[in-house]
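Working notes for the structure below.
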Protein chains: 2
Amino acid sequence: MKIGELSKRTGLATSKIRFYEDIGLLKLVKRADNGYRTYPPEAETVLHLISNGQKAGFSLDELSKLLPSDLSDWKHDQLLNALRQKLADIELMEKKLADNKRQLNSILNDIEAKPGGMACADNAKRVISQMGMGKGRR
Amino acid sequence: MKIGELSKRTGLATSKIRFYEDIGLLKLVKRADNGYRTYPPEAETVLHLISNGQKAGFSLDELSKLLPSDLSDWKHDQLLNALRQKLADIELMEKKLADNKRQLNSILNDIEAKPGGMACADNAKRVISQMGMGKGRR
DNA sequence: CATAAGGTTAAAGTAAACTTGAAGGTCAAT
DNA sequence: ATTGACCTTCAAGTTTACTTTAACCTTATG
């Protein structure tokens with residue numbers, strides 16, 4: 001298929017598809033006699049893998065190391081490990097969020113229970129300050 | 001505290017902390033007589049919130065709309081609102097994380113459950129078709 | 001007093017992931 | 001044969017999120 005059809009099938013802009021080729025991420029492409037790009041149906045699969053990989057937090061650089069040019073060459077184990085690592089990261093973050101949520105809820109309950117108090121605001125500030133969602137390195 | 005201490009406490013580069021101030025994301029800062037930035041302890045909390053917000057998939061732009069501008073100026077009424085807002089923020093983060101996680105899990109499950117004689121390429125296609133995610137817009 | 005360590009600014013540079021623009025070639029239909 | 005849709009390349013522009021650089025000021029220490 002030509003790039004326009006691939007674009008419609010995947011919902012990705014043609015510029016994006018050409019860009020992925022430029023950076024060596026999408027290698028499943030030949031040229032027709034007129035110079036037009038021609039894609040096998042597999043290309044659609046690869047593009048979906050790329051999009052979903054990005055949604056799951058992978059950079060294009062990571063993806064180009066993970067995805068093979070040929071799907072039958074898929075580095076199965078490598079991909080599995082990478083996916084499991086991302087999943088672990090997310091689960092850790094969910095835990096922290098749940099903790100923070102629980103703390104916030106208890107603060108809210110306290111404040112709503114005794115509206116006149118002056119200490120409650122200070123207390124709230126204290127708890128908020130302790131809301132260590134872990135050391136935030138990126 | 002001065003910027004160096006805040007940097008050490010949070011693990012964030014001083015350039016990053018100044019940058020967050022530049023774009024109006026970190027407003028918890030005064031100036032000493034010598035011109036040095038001076039931060040209240042709450043600044044550490046806010047920076048952790050920012051880092052973790054980013055990890056949860058928020059852009060700095062989204063975060064500057066979500067985060068309270070001044071933790072130290074919170075009054076009782078505002079505190080309640082801020083807490084409720086924060087709770088809503090966290091729930092939003094949880095949704096994003098759940099989204100990411102669902103994405104990853106569906107990929108993982110399908111790859112792990114790879115039926116015996118199925119070729120990698122075919123399996124990959126099956127994975128994609130079952131992701132139901134359709135067209136990868138971001 | 002000298003010097004290092006740490007603070008200040010403004011501006012420029014970087015990297016990722018694209019998009020846009022210009023100038024043009026190809027193809028199907030009227 | 002001309003229009004319009006679709007294709008090409010290459011370069012330059014954009015956005016986000018920072019870092020680096022340069023020149024300079026302030027504070028602590030030997």
Side-chain angles (χ1 to χ4, degrees), chain A residues 1-40 43-44 46-67 82 86 135-138, chain B residues 1-40 43-44 46-67 96 100 135-138:
Chain A
M1 73 184 91
K2 284 181 293 179
I3 199 169
E5 190 187 340
L6 185 58
S7 170
K8 269 169 199 156
R9 278 185 187 282
T10 58
L12 305 178
T14 59
S15 63
K16 194 176 277 196
I17 297 173
R18 290 196 196 96
F19 172 71
Y20 287 165
E21 182 184 343
D22 286 349
I23 63 171
L25 187 48
L26 180 60
K27 296 176 184 122
L28 279 175
V29 54
K30 306 254 180 234
R31 292 305 177 119
D33 288 347
N34 55 14
Y36 286 16
R37 287 173 178 81
T38 320
Y39 301 91
E44 192 186 337
V46 171
L47 286 180
H48 280 305
L49 275 176
I50 292 170
S51 292
N52 286 305
Q54 279 189 298
K55 282 180 198 163
F58 291 90
S59 69
L60 295 187
D61 201 56
E62 286 174 300
L63 287 173
S64 58
K65 279 159 197 155
L66 252 38
L67 297 175
K86 283 289 175 203
K135 297 305 172 186
R137 227 166 299 111
R138 240 292 211 204
Chain B
M1 74 182 89
K2 284 181 292 182
I3 199 169
E5 192 188 339
L6 185 58
S7 171
K8 269 168 200 158
R9 279 184 186 283
T10 58
L12 305 178
T14 58
S15 62
K16 195 176 279 195
I17 297 173
R18 291 197 194 94
F19 172 71
Y20 287 164
E21 182 184 345
D22 287 349
I23 62 170
L25 187 49
L26 180 60
K27 295 175 184 128
L28 275 176
V29 54
K30 306 254 182 241
R31 292 305 179 118
D33 288 348
N34 56 13
Y36 285 18
R37 288 173 179 81
T38 323
Y39 301 92
E44 194 186 335
V46 171
L47 286 179
H48 282 307
L49 283 174
I50 291 170
S51 292
N52 287 299
Q54 279 188 297
K55 283 182 197 162
F58 288 90
S59 69
L60 295 187
D61 200 56
E62 286 174 301
L63 286 173
S64 59
K65 280 159 196 154
L66 289 175
L67 292 177
K96 279 205 178 183
N100 273 211
K135 312 315 170 184
R137 232 165 293 107
R138 245 294 217 196

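Protein chains get the first letters and strands the later ones, always in sequence-line order, with residue 1 at the start of each.
- Following rounding to the nearest Å, A:Leu12 (CG) and C:dC18 (P) show an atom-to-atom distance of 9 Å.
- Base engagement by A:Arg18 is indicated by at least one non-hydrogen atom pair under 4.0 Å involving a base atom.
- Between A:Leu6 and A:Thr10, the closest heavy-atom pair is O-OG1, 2.8 Å.
- Shown here for B:Leu63 and B:Leu25, the closest heavy-atom pair between the two residues is C-CD1, 3.9 Å.
- Mapping A:Tyr20 and A:Tyr36 onto DNA chain C by nearest heavy atom places A:Tyr20 at the nucleotide closer to the 5' end.
- Checking B:Lys2, B:Arg9, B:Lys8 one by one against B:Glu5, the side chain to side chain donor-acceptor pair (under 3.5 Å) holds for a single residue, B:Arg9.
- A 4.5 Å side-chain heavy-atom check between A:Leu60 and A:Ile50 finds at least one atom pair inside the cut-off.
- For A:Asp22 and D:dT8, the CG to C1' distance is 12 Å, given to the nearest whole Å.
- In this structure, CG of B:Leu47 is placed 14 Å from C1' of D:dC18, rounded to the nearest angstrom.
- At whole-Å resolution of the value, NZ in A:Lys8 and P in D:dA5 are 11 Å apart.
- If you find the closest nucleotide of DNA chain D to B:Asn34 and to B:Leu60, the one lying nearer the 5' end belongs to B:Leu60.
- For A:Asp33 and C:dG25, the CG to P distance is 18 Å, given to the nearest whole Å.
- The 5' end of DNA chain D is approached more closely, in terms of each residue's nearest nucleotide, by B:Phe19 than by the other of B:Lys2 and B:Phe19.
- Here B:Thr14 lies out of heavy-atom contact (under 4.0 Å) with every strand.
- Regarding B:Leu25, its CG atom lies at a distance of 9 Å from the P atom of D:dC18, rounded to whole Å.
- In this structure, A:Asp61 pairs ionically with A:Lys65, as a charged nitrogen and a carboxylate oxygen lie closer than 4.0 Å.
- Straight-line distance from the CD1 atom of B:Ile50 to the C1' atom of D:dC18: 14 Å, rounded to whole Å.
- Nucleic acid contact for A:Ile23: none, since no nucleic acid atom lies under 4.0 Å from a heavy atom of the residue.
- Under 4.0 angstrom from either OP1 or OP2 of D:dT26 there lies no side-chain N or O belonging to B:Arg37.
- Between A:Arg31 and C:dT26, a side-chain N or O to OP1/OP2 separation shorter than 4.0 Å is absent.
- Nucleotide C:dT8 holds its C1' atom 11 Å from the OH atom of B:Tyr39, rounded to whole Å.
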